[in-house]
Amino acid sequence: MDTVKIALAKGRLAEDTIALLKKIGISFKEYSKKSRKLIFKDDTERIKLVFVKSIDIPTYVEKGAVDIGIVGKDILMEDRADVYEILNLNIGRCKICVAGFEDYDFNPNKKLIVASKYPNIAKNYFNKKGILTDVIKINGSVELAPILDLSDVIVDIVETGNTLKENGLVILEEIHDISARLVVNKVSLKTKNDEIEGLINGLESIL
Ligand code: PRP
């Protein structure tokens, strides 16, 4: 049996994914969230977990460096990759939203300035609405942008809503529901079909 490599990002999604895999009999005794190791083998040595930054997962899967990726729909929407999106794992659920000050007054005669970790999603969303934008790419703590007058609004992920609330911002519009997806490299799906299908069927049966 060939080893199947799965890319995922550290954090809550990794914990939820490892819990899902455990339910179908795949466990990683060596894994600990405190560890700085980047690759873990499962106890049968048939599966390898590879930890990469979430934004890089589609690239690793598309190029065949790994066979499978577990990644948020937000990342897949932002950077379209040539991979098969096979399963909605229904974990890592959140929303991608336009947020800003509650009393934000949209001016149709002025370009809307938007700060976001997701410039493509932001641009596409406002383009479809016929709203002209200047999108500023920000890599984190996006909530600061309207507070410091860098932008009018932000486009960002909202999970509990606590970050918005604690920074005096609100959801202005909801763009899309987000959850984690299982994506597969197109060649791996043929060359490691038995192993990958087995894994997909197992996950499907518990979802
Ligand atoms: C994400 C997102 C929001 C926050 C939303 O940031 O960009 O800032 O989580 O979560 P909440 O609705 O549960 O408060 P992340 O934690 O990834 O950190 P970052 O700002 O450094 O990107």
Side-chain angles (χ1 to χ4, degrees), residues 6-20 31-38 49-61 66 68-81 85 88-104 106 112-129 131 133-183:
I6 305 178
L8 70 167
K10 288 223 162 141
R12 193 175 324 155
L13 199 51
E15 302 305 309
D16 290 350
T17 304
I18 288 168
L20 276 185
Y31 171 77
S32 122
K33 58 179 163 190
K34 286 191 192 136
S35 171
R36 300 290 294 167
K37 252 181 86 159
L38 298 172
L49 282 187
V50 180
F51 285 100
V52 302
K53 288 266 178 206
S54 56
I55 193 80
D56 294 329
I57 293 176
T59 308
Y60 276 80
V61 178
V66 298
I68 290 176
I70 310 292
V71 62
K73 183 70 181 171
D74 51 328
I75 305 282
L76 296 170
M77 286 169 71
E78 177 62 20
D79 285 315
R80 295 194 189 277
E85 185 181 324
N88 181 352
L89 296 173
N90 260 317
I91 52 176
R93 291 172 68 174
C94 53
K95 284 187 163 63
I96 187 149
C97 300
V98 182
F101 290 110
E102 193 164 16
D103 60 357
Y104 175 70
F106 173 67
L112 183 71
I113 304 176
V114 185
S116 186
K117 282 189 263 189
Y118 305 95
N120 295 329
I121 295 176
K123 196 117 213 139
N124 289 339
Y125 178 72
F126 288 110
N127 275 353
K128 278 195 191 131
K129 294 177 68 129
I131 295 173
T133 51
D134 264 338
V135 178
I136 302 170
K137 167 87 195 281
I138 294 287
N139 293 304
S141 304
V142 186
E143 293 79 4
L144 282 172
I147 296 169
L148 298 180
D149 241 351
L150 180 65
S151 73
D152 299 318
V153 294
I154 61 173
V155 164
D156 200 16
I157 289 296
V158 180
E159 192 180 352
T160 60
N162 289 340
T163 312
L164 288 181
K165 201 169 164 203
E166 290 188 24
N167 292 288
L169 305 175
V170 296
I171 293 174
L172 299 171
E173 287 165 53
E174 292 185 3
I175 298 180
H176 211 282
D177 284 330
I178 302 295
S179 56
R181 308 299 160 100
L182 182 145
V183 295

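Remember, it's 1-based here, ligands and their atoms both numbered in the order they're listed. The residues of the chain are indexed from 1 along the displayed sequence.
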For this session: Measure from the ring center of Tyr118 to the ring center of Tyr125 and say whether it is less than 6.0 Å.
Result: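 No; Tyr125 has its ring centre 6.0 Å or more from that of Tyr118.
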Problem set entry | Main-chain N/O of Asn120 paired to Asn124 side chain as donor or acceptor, under 3.5 Å |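 Here the side-chain-to-backbone pair exists.
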Problem set entry | Set of residues satisfying ring pair (Phe, Tyr, Trp, His ring centres under 6.0 Å) with respect to Phe106, sequence neighbours excluded |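 By the ring pair (Phe, Tyr, Trp, His ring centres under 6.0 Å) rule, Phe106 matches no residue at all.
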Exercise. Under the side chain to side chain contact (heavy atoms under 4.5 Å, CB included) test, which residues partner Glu85, sequence neighbours left out?
Worked result: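 Per chain and number, Glu85 pairs via side chain to side chain contact (heavy atoms under 4.5 Å, CB included) with Lys73, Leu76, Arg181, Val183.
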Scan the side chains in residues 140-157 for donor-acceptor partners under 3.5 Å anywhere in the protein, sequence neighbours excluded, and list what turns up.
residue, atom, partner, partner atom, Å
Ser151, OG, Val153, O, 2.9
Asp152, OD2, Ile113, N, 2.8

Problem set entry | Pairwise side-chain contact, Asp79 with Pro58, heavy-atom cut-off 4.5 Å (strictly under) | no
Exercise. Under a 4.0 Å heavy-atom cut-off, which residues neighbour ligand 1?
Worked result: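 Only Lys117, Gly140, Ser141, Glu143, Asp156, Ile157, Val158, Glu159, Thr160, Gly161, Asn162, Thr163 have heavy atoms that fall under 4.0 Å of ligand 1, ordered by chain and number.
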